[in-house]
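Below is one structure; the comments refer to it alone.
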Amino acid sequence: MISDRVKKGPERTPHRSLFKAMGYTDEEIARPLIGVVNAFNEIIPGHIHLNKIAEAVKRGVLAAGGTPIEFPSIGVCDGIVMGHSGMRYSLASRELVADSVETMAAAHAFDGLVLIPNCDKIVPGMLMAAARLNIPAVVVSGGPMMSGNVEDVSVSFTDAFESVGKFVAGKITEEQLYDVENNACPGCGSCAGMYTANSMNCLTEALGMGLTGNGTIPAVAGARIRLAKQAGFAIMNLVEKDIKPLDILTEHAFRNALIVDMALGCSTNSMLHIPAIANEAGIKINLEIANELSAVTPNLCRLAPAGRHHMEDLNAAGGVAAVMKELDSKNLLNVDIMTVTGRTVAENISSAYNRDASVIRPVASPYSETGGIAVLRGNIAPDGCVVKRSAVASEMMVRRCRARVFDCEEDAIKAIYAREIKADDMVIIRYEGPKGGPGMREMLSPTSALAGMGLDKDVALLTDGRFSGASRGASIGHASPEAADGGPIALINEGDYIDLDIPSGKINLDVDDAELAIRRKGLTIPPPRITKGYLARYARLVKSAAAGAVLG
């Protein structure tokens, strides 16, 4: 056992004495030591209940003959940090999560890990650590929040943001806005739509690193507690059979995850996280692969913000396993690969079936024949940019737009609320990339403001930052290279025209090369916004969004 290095032999007498100082018995020390990584805190609704999940995991580990040892992970609530400087820390926190899990697990010689995340950057951060450490590991999330109800309509976090735009536009009263505030997020769990947290929890299942149901069983369900106990059993099986993350996180597994991503219509943030996890596994996943798979993958689901269904609806319809079963009927998946259940994908989905064709469209009648995410290229983003195609109105799929240029999110929001943005505009928000932000802030506030004001079918947004999974409309993020690296997005002038063609995967600035060369000579990149602390170090080390915004 790995843990023998801290507990076996006479020379480890001092080490065992420290275990005994905490109350561990000889019998407990002799068993496999299983790290239970608990991201519980009191600032994220998706994490407020994780102590209950951790307790269930520990019961499972104990029942299966191991010794569970809990330690914490940090977590940032993307919703609470949205729209202000705190959002700079969100993506950057992914690396801190990965580094801290690696540090604790490697330093203390755990035999295996049960990873308990739930929200946006914590899930990929823990998966990155699992791949890096390559010791037996299983992920069990806290599960999605139930949707809320306002005036007999199911609502979720998106509606809270969009209601602000409706209020500013005079479409709802202050009392109605307060009603949304009180009911959009009714309890614990990751926000109820196919936002980033739920996207990554579903993709964890598709990767084979989470048990069946990991992505969709509601946080408040007894089945979520049972799943946590099963995760405790599963880790002991993985330790016994010496099945490690790199036995599971193969190139085939990542391709499966991308295909499920396209079918579900996941958050565009997955185009940052999947390459970052793959990077830790020694596998190169790039935007070309994503587009290749999107071209052959039908989009089967339209959950909020793309539609009115929520995560409990997907769970009732059969969950990720049912989606994978539909995809397998078209021979799109590799189902012969290993998962944390100790069984293959084929075995895991063998009994799954689609219980509700209105939630999971059959492959014969998809929402579209191509996937929910599209990668666009052109002279404005030669290394690519990303849009959640399934959440774009048909009117915005092909559009000629006039550039309205802003060098930070706050200025763009002011202009939107001042009603300065008109139909056929494209809001350009730059110097918000991984390096320039720093931290690549999400832009849910401006997209929600436009949607709430009824402009999501007339106005596009382009940024070298990113968009929340809760954003809808022609919200195009990850423009690479970013402005802080001298990318072409830095050369756009107010009033330039931009041709957007999402079905063809193109986005081009209607300015000739000679003029762009003149503009480049006159370009002055603003000095760093932050010059000390973690974000300053992050800005110096972070790579392009096209490479997953990993640290160099």
Within the side chain of Thr173, is there an N or O that forms a donor-acceptor pair under 3.5 Å with the backbone of Gln176?
-> yes

Decide yes or no on side-chain contact (heavy atoms from CB on, under 4.5 Å) for Asp458 and Glu395, but give the supporting numbers first.
-> CA-CA 7 Å; Asp458 295 298; Glu395 296 92 329; 5.9 Å; no

Check: Asn198 side chain, Met194 main-chain N or O, donor-acceptor pair, under 3.5 Å | no

Hey, can you tell me if Tyr538 and Tyr534 have their rings parallel, tilted or perpendicular (30° and 60° cut-offs)?
-> tilted

Does the pair Ser267 and Ser199 meet the rule for a side chain to side chain donor-acceptor pair (under 3.5 Å), with working shown?
-> CA-CA 6 Å; Ser267 164; Ser199 293; 5.0 Å; no

Salt-bridge contact Asp159-Lys166 (side-chain N to carboxylate O under 4.0 Å) | no

d(Met262 CE, Ser294 OG) to nearest 0.5 Å is 4.5 Å

Measure up the Phe71 and Phe110 rings against each other and bin them: parallel (under 30°), tilted (30 to 60°), perpendicular (over 60°).
-> parallel

Non-hydrogen atoms of Leu444 and Ser468 that approach each other most closely = CB-CB, 3.8 Å

Do Glu515 and Arg519 sit within salt-bridge range, that is, some charged N less than 4.0 Å from a carboxylate O?
-> yes

Taking atom types as modelled, is there a side-chain donor on Asn38 or Glu70 under 3.5 Å from an acceptor on the other?
-> yes

Can you check side chain to side chain donor-acceptor pair (under 3.5 Å) on Ser368 and Arg389, steps first, answer last?
-> CA-CA 10 Å; Ser368 68; Arg389 174 166 45 192; 5.7 Å; no

Determine, for Lys121 against Asp78, whether the closest basic-nitrogen to carboxylate-oxygen distance falls under 4.0 angstrom.
-> yes

Do Arg466 and Thr196 have side-chain atoms, one donor and one acceptor, less than 3.5 Å apart?
-> no

Does Arg377 reach the main-chain N or O of Asp383 with its side chain, forming a donor-acceptor pair under 3.5 Å?
-> yes

Are any of the side-chain nitrogens in Asp99 or Arg132 under 4.0 Å away from the carboxylate oxygens of its partner?
-> yes

Passing candidate, salt bridge (Lys or Arg N to Asp or Glu O under 4.0 Å) with Asp499, options Arg400, Arg399, Arg402 = Arg400

Between Ile48 and Glu42, is any pair of side-chain heavy atoms under 4.5 Å apart?
-> yes

Between the main-chain N or O of Lys435 and the side-chain N or O of Glu482, is there a donor-acceptor pair closer than 3.5 Å?
-> yes

Residues, nucleotides or ligands: over 12 heavy atoms within 6.0 Å of Glu494 CD | yes

Electrostatic pair Arg255:Glu292 at N-O distance under 4.0 angstrom = yes

Ile74 atom CD1, neighbour heavy-atom count above 12 within 6.0 Å = yes

Take Asp261 and Ser270 through the side chain to side chain donor-acceptor pair (under 3.5 Å) test and state the conclusion after the steps.
-> CA-CA 8 Å; Asp261 188 337; Ser270 63; 2.5 Å; yes

Is the closest side-chain heavy-atom distance between Cys185 and Met145 below 4.5 Å?
-> yes

Just one of Val405, Val427, Ile507, Leu500 clears the side chain to side chain contact (heavy atoms under 4.5 Å, CB included) bar with Leu462, so which one?
-> Ile507

Residues, nucleotides or ligands: over 12 heavy atoms within 6.0 Å of Asp512 CG = yes

Should the heavy atoms of other residues, nucleotides or ligands under 6.0 Å from NZ of Lys171 be counted, would the total exceed 12?
-> yes

